[in-house]
Structure formats: structure tokens, C-alpha cells
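Values below: all heavy atoms of this structure, side chains included; hydrogens, waters and symmetry mates excluded. Only a predicted model underlies this, so the values are computations on that prediction, with no experimental measurement involved. Here is the naming used below: chain letters follow the sequence lines, and residue numbers restart at 1 for every chain.
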Protein chains: 2
Amino acid sequence: MILSKKTRYAIVALTRLAKEYGKGPIQIKEIAVGEKIPQNFLENILLELRKMGILGSKLGKAGGYFLLKKPDEVNLAEIVRHFEGTIALMYCVSEKAYQPCEFCRDEASCNIRKVFKEVRDTSYDILKRTTLDSLIIRD
Amino acid sequence: MILSKKTRYAIVALTRLAKEYGKGPIQIKEIAVGEKIPQNFLENILLELRKMGILGSKLGKAGGYFLLKKPDEVNLAEIVRHFEGTIALMYCVSEKAYQPCEFCRDEASCNIRKVFKEVRDTSYDILKRTTLDSLIIRD
DNA sequence: TATAATGTCTACTGATTTAGTGAACAAAAT
DNA sequence: ATTTTGTTCACTAAATCAGTAGACATTATA
């Protein structure tokens with residue numbers, strides 16, 4: 001059930017970029033060293049976040065990454081969903097990765113499904129209302 | 001985030017055994033065929049559940065598996081936790097697989113941790129109060 | 001008592017996913 | 001021009017997943 005390192009790195013890196021929001025591009029190296037993330041791996045992750053439209057980048061010397069959206073416009077549900085494939089624990093209750101159940105005859109009356117639907121929905125609600133700005137620690 | 005097949009098979013097999021509670025041993029083959037689970041794989045799973053103390057078995061001809069506990073005494077939290085290792089999405093909020101956070105200085109003030117603690121706690125509550133008897137479909 | 005039908009246990013395996021690495025390339029500042 | 005950065009693609013070692021296979025132990029029953 002533990003999130004992949006990729007997902008965890010993404011959340012930490014985004015929180016860092018939210019903290020520096022408005023300060024222009026931050027270099028990969030600075031995030032990698034500061035947040036203890038392998039730099040090559042972090043490059044792939046930031047690239048994915050850029051393709052998702054969450055990050056922008058500046059090329060060349062004095063380049064780097066920065067948040068395109070405002071910190072309160074990026075929620076954890078979309079991050080987890082993108083890197084994990086889905087929020088749900090069973091395909092039959094997933095929004096993004098739905099597949100018909102391989103066991104039950106009728107999903108509407110399946111009690112196993114009901115439970116995991118409830119787990120998905122409550123988890124989704126928590127992640128959805130958590131935006132990057134609420135993750136920043138201001139000392 | 002999807003549960004492994006092992007975990008899903010375990011839940012389905014246990015629900016079946018709960019349905020047949022009190023009827024004596026049910027053969028692996030009957031469960032395998034009825035619930036569409038590969039028999040060899042199911043053998044491993046039922047063996048694990050026996051070692052957990054949830055199932056009992058009868059050897060030899062006319063043997064099989066049966067629930068040792070009453071269906072309302074087996075909850076999904078213990079099943080998921082056993083087969084997935086933990087309920088939590090981050091080690092730093094896990095009861096069973098706790099490890100100190102690799103990123104934050106102070107877990108008590110980490111906001112990322114707070115969110116995933118809430119996700120873990122609510123998921124745990126739902127799974128904990130769901131027992132096998134509530135999963136049986138009676139037609 | 002022989003035999004057939006079951007569970008037990010250990011080891012093995014192919015496929016997939018995870019967690020990266022490496023290198024050639026492109027763009028921008030100086 | 002040179003240096004510093006991000007971009008892209010290909011590759012890989014290790015771990016996990018999803019089973020299989022086979023020898024063995026136990027029990028019912030004919």
C-alpha cells in the first residue's frame with residue numbers, strides 16, 4: 001500500500017516549489033540536494049509534472065523549474081492519481097482505471113465493492129482538498 | 001494503489017468460507033473453481049490464512065478449509081495489513097511498518113505526514129469495522 | 001490394508017514494476 | 001565560444017508479483 005518513491009518524491013518536490021512560488025526558476029540540483037532526491041530520477045519526475053501542465057521550465061543557464069499554477073490550485077489527488085495510476089484499491093471502484101470486477105456477478109449488490117468504494121471516496125476527498133499551499137511549513 | 005491479486009483472492013476466498021461457516025471443511029478446489037482463483041495460488045493463500053490462525057484445515061480425503069473464528073470476528077484491516085504489509089501510504093504513518101521519514105526534519109510538524117495520517121486512519125477505521133459476515137450476500 | 005483424494009511444504013520461474021543511470025542533445029546566459 | 005542548464009531516449013539491476021511443480025504426509029473408505 002506504500003506509495004512509490006516516485007510519487008513521494010513528486011509530492012516533496014512540489015511542496016518545495018510551492019514554498020518558492022513566485023521566485024522564478026529553481027534548479028533541479030537545488031531541489032535534489034535540498035530534499036535528498038537522486039538528481040537523475042528527479043529530472044524524470046519534474047519532466048512528467050511539466051507535461052501534466054503543473055510545472056513550467058526555463059532552459060539554459062540560470063534555468064530551472066517553477067510552478068505554473070498557484071499553490072492552492074494543485075491538489076494531491078491529481079498527483080497521486082497520475083503517479084499511482086489510481087486512488088482506488090480495486091479496479092471496480094476506480095474512476096480513472098475502472099475495470100469490471102473479475103469475481104462478482106453484480107457490482108451493484110457486491111458488498112466487497114461497497115467497502116472499497118467507501119475507502120476510495122474518503123481517501124479521494126482528503127487528497128482532493130489538500131493543496132500544495134497547505135503543505136508548506138512556514139517557520 | 002490497487003491491492004495485489006493475493007490480497008483480493010484472500011478476501012474473496014474468506015467471504016466464501018464465511019458463507020459456508022459451520023458446514024465443515026470446504027475443499028480448495030471448490031473455492032478455486034467457484035471463485036475463479038488459480039488453485040495452486042489459492043493453496044498458498046489459504047495456508048497463510050491458516051498460519052494466521054483464521055482458518056483451520058482437515059487433512060486427507062474429505063479434507064478442506066474452514067473458518068476457525070466466527071465471521072463477525074474477522075475484519076478486513078487485518079487481512080489487508082497482512083497481505084499488503086501495511087494499511088498506510090507512507091511508512092511514517094504506518095503502525096505495522098513504521099519507518100522514520102526520509103525527508104522531513106520533524107514528523108510532528110510535517111504537513112504531508114498529517115494528510116497521509118488522516119488517510120490511513122479513516123481507511124483503517126472502515127476496514128476494521130468491516131467483518132466477513134457483512135460481506136456475505138444472502139439471496 | 002491398499003488406494004485414492006486431499007492438504008503441506010519447499011523451491012522454482014517468467015513477467016512486470018521499481019528505482020534508478022547514462023549519454024547525446026538543445027537552449028540560453030555570459 | 002563556452003558553460004550551464006533542461007530534454008529526451010535508451011538502458012538496467014533488483015525486487016516484487018503471480019503463479020507452477022513436485023515430493024510428501026494424512027485421512028477416508030473400499
> Looking at residues at least two apart in the chain, or sitting in another chain, which of them share a salt bridge (charged side-chain N to carboxylate O under 4.0 Å, His left out) with B:Glu95?
Replying inline: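 Here no residue qualifies.
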> Listed by chain and number, what are the salt bridge (charged side-chain N to carboxylate O under 4.0 Å, His left out) partners of B:Asp121, not counting sequence neighbours?
Replying inline: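 In terms of salt bridge (charged side-chain N to carboxylate O under 4.0 Å, His left out), with neighbours along the sequence ignored, B:Asp121 is linked to B:Lys117.
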In whole Å, I'd like the distance from the [atom1] atom of [X] to the [atom2] atom of [N].
| X | N | atom1 | atom2 | value |
| --- | --- | --- | --- | --- |
| B:Glu48 | C:dT10 | CD | C1' | 14 Å |
| A:Arg50 | D:dT5 | CZ | P | 18 Å |
| B:Leu49 | C:dG7 | CG | C1' | 15 Å |
| A:Ile45 | D:dT8 | CD1 | P | 16 Å |
| B:Leu47 | D:dA25 | CG | P | 16 Å |

Salt-bridge contact [X]-[Y] (side-chain N to carboxylate O under 4.0 Å):
| X | Y | result |
| --- | --- | --- |
| A:Glu118 | B:Arg129 | yes |
| B:Glu48 | B:Lys6 | yes |
| A:Arg8 | B:Glu102 | yes |

> So which of residues 16-34 of chain A are in contact with DNA chain C, with a heavy-atom cut-off of under 4.0 Å?
Replying inline: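 When residues 16-34 of chain A is checked for heavy atoms under 4.0 Å from DNA chain C, there are no hits whatsoever.
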>> According to side-chain hydrogen bond (donor to acceptor under 3.5 Å, both in side chains), who are the partners of B:Asp133, at least two apart in sequence or on a separate chain?
In response: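 Scan of B:Asp133 (side-chain hydrogen bond (donor to acceptor under 3.5 Å, both in side chains), adjacent residues dropped) gives B:Thr131.
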>> For B:Glu20, give me all partners under side-chain hydrogen bond (donor to acceptor under 3.5 Å, both in side chains), at least two apart in sequence or on another chain.
In response: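 So B:Glu20 forms a side-chain hydrogen bond (donor to acceptor under 3.5 Å, both in side chains) with B:Arg16, B:Lys23.
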> In Å and rounded to the nearest 0.5 Å, what is the CE to CZ distance from B:Met90 to B:Phe103?
Replying inline: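 It is 7.5 Å, given to the nearest 0.5 Å.
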> Can you give one letter per nucleotide of nucleotides 14-30 of chain C, going 5' to 3': B for a protein heavy atom under 4.0 Å from the base, S for sugar-phosphate only, - for none?
Replying inline: -----SBB-----BBS-
